[in-house]
Structure formats: C-alpha cells, structure tokens
Number of protein chains: 2
Amino acid sequence: MDIIEINKVLSNKTRVNILKWLKNPELNFPPHQDIDHFNDGVCVGYIQDKTGLSQSTISTYLNSMQNADLVIPTRHGKWTYYKRNEDVIKAYIEAIQNEL
Amino acid sequence: MDIIEINKVLSNKTRVNILKWLKNPELNFPPHQDIDHFNDGVCVGYIQDKTGLSQSTISTYLNSMQNADLVIPTRHGKWTYYKRNEDVIKAYIEAIQNEL
DNA sequence: TTTACATATCTAAAAATATAGATATGTTAT
DNA sequence: ATAACATATCTATATTTTTAGATATGTAAA
C-alpha cells in the first residue's frame, strides 16, 4: 500500500468520483444486461458514460487506480468490471489517520 | 477544505514528510536559537536542511501547503515558522473516512 | 545606512500528467 | 471465418508539476 501513489490517484476529481460511485453501484449506474448484480463492480462503459470522458481516458484512469490497488478488475465475457478494493482502501484510511 | 488540493500536496513524499516531522518538532529539528519552543512551528531553514532540497523548492512546497491550509506561517523577526493546521488536517482525515 | 541573512518570488527547463484519436486485442454472435 | 463490440494500448499534444538559479523583499546587526 503506497500512500503517495494512492494520493496521486486521488488528486483528480473524476478518479475520486469513480471510487465514490463504486460504493453504491445500484444507485449510480444502470443494471447490467447480462448479470443482475454488481458483485464484481461496474463495467467500463457505464463508468465512461457517467464521466463523459473518452474511452481511452477512462481506461487509463482505471489502470492507474488498479496499479495503486484501489480497484479490482474482473473479466466477464467481453466486459471488464471494476470494484473497490475495500481492504486497501481501509488500510489507506487507517494509515492516513495514524501517520498524518 | 479542498480534498483534491490537499491530495495534490500529499502526493509528494517530501511534503508528506514535512507534515509528519511537524508533528514532533523537538524530535525532528534542533532547538531554535532565539526562542526555546516550537509553539509556532519550525523555521524554513531547518526544514530545508532536513530535506536537502533547495531553498526555493522548500519555499514553494511550504507555499503550496499553506494554500491548501495544511500549515500556518508565523513571522518572528527574519524567520518564518510553519506549524501544522490541526483543524484542517483533522477535517481532512474525517472527510477521507466518511466520503471515500 | 550599509551589510548580512532568512525567506519569497520570478524565470525557466525538465519531467510528469491529462486527454483523445487511432489502433490492437480479446470475446461473442452470426 | 467474419463482424460487431468492449476494453486496452499506443501515439501525440497540451497542460501541469517539479525543481533550481537568480533576484527581490524584509528584518536585524554592525
């Protein structure tokens, strides 16, 4: 868990929003067609729609979030779903509390 | 309190270190010559020495930290002392806890 | 009232980040 | 096999950040 790396990710409004939206997928995204749950998170397309940014930008963002271990990707067919990595997020919050 | 702005400041190792060092000035810095306390924090020169970076870089860092309200400067004669803004830091930590 | 000193600001160059279009990859449907 | 589609990667440009040297400002000491 690299605090500096995580803070870099979290120094962009869109990336923070993505992380927040993923707390409540059913509130922030339409239901998926092929599956009826958000157990593995939300597909890239929905996240892109919500932000209004380009597909490649969102992919880059999600990749940076994944590198910082803030999200976990899961492939289902042609879709990639992203969900929060709650363990790392929890550890990050605790580190901020204790060290800052 | 702007979380994005604060996260930008905290996405650099040196700036995070400065904030941490200022938690315990007496442990991390030599005593000041003119005063015998750290009530207003630590003078810029000591912070510069500790980091090994240039004077202008440290001044820029401290300025960005001040713009994000993470530190409070106080002038004493020719020295400027910087201390942590505990209220804002506390609010930031709580915001991270509650919103992230 | 000059000189020395601490810090801030200005200027500039290098590096990193943001963002998108084009292209590639992998999966599903036909 | 081919077409359609979701996502990833590559390439490129604009913007921002990093960092330091030079210079300016403000204070204190001689």
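All chains are named by letter (A, B, ...) in the order of the sequence lines, taking the proteins before the strands, and each is independently numbered beginning at 1.
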Between [N] ([atom2]) and [X] ([atom1]): distance, integer Å:
X	N	atom1	atom2	value
A:M65	C:dA18	CE	P	12 Å
B:Y81	C:dA6	OH	P	11 Å
B:K8	C:dA16	NZ	P	18 Å
A:I58	D:dA8	CD1	P	11 Å
A:N12	C:dA16	CG	C1'	14 Å
B:L62	D:dT18	CG	P	14 Å
A:I18	C:dA18	CD1	C1'	13 Å
B:L10	D:dT17	CG	P	14 Å

For this session: Under 4.0 Å between any heavy atoms, over every strand shown, what does B:Y46 touch: base, sugar-phosphate, or nothing? Just pick one.
Result: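 Nothing, no nucleic acid heavy atom in range.
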Do [X] and [Y] make a side-chain contact, defined as non-hydrogen atoms from C-beta onward lying under 4.5 Å apart?
X	Y	value
A:N28	A:V42	no
A:Y92	B:I96	yes
B:I18	B:L62	yes

For this session: Measure up the B:H32 and B:Y46 rings against each other and bin them: parallel (under 30°), tilted (30 to 60°), perpendicular (over 60°).
Result: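 It falls in the parallel class, under 30°.
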Tell me whether [X] shares a hydrophobic cluster with [Y], the cluster being built from Ile, Leu, Val, Met, Phe, Trp, Tyr side chains joined at under 4.5 Å.
X	Y	answer
B:V71	B:Y81	no
A:M65	A:W79	no
A:W21	A:V16	yes

Problem set entry | Step-by-step side chain to side chain donor-acceptor pair (under 3.5 Å) determination, B:H76 to B:D34 | CA-CA 9 Å; B:H76 279 256; B:D34 54 336; 5.6 Å; no
For this session: Would you give a per-nucleotide map of nucleotides 20-30 of chain C, 5' to 3', where B means the base has a protein non-hydrogen atom under 4.0 Å away, S means only the sugar-phosphate does, and - means neither?
Result: BBB----BS--
For this session: Would you jot down, in residue-number order, the residues of residues 25-45 of chain B having a non-hydrogen atom under 4.0 Å from DNA chain C?
Result: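 B:C43, B:V44, B:G45 - these, ordered by number, are the residues of the stretch whose heavy atoms sit under 4.0 Å from the strand.
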For this session: Kindly indicate, with the supporting measurements, whether the criterion side chain to side chain donor-acceptor pair (under 3.5 Å) is fulfilled by A:T60 and A:T57.
Result: CA-CA 5 Å; A:T60 302; A:T57 297; 6.0 Å; no
Exercise. Is A:Y82 near enough to D:dA6 that one of its side-chain N or O atoms lies under 4.0 angstrom from OP1 or OP2?
Worked result: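 The answer is no; no side-chain N or O of A:Y82 sits under 4.0 Å from OP1 or OP2.
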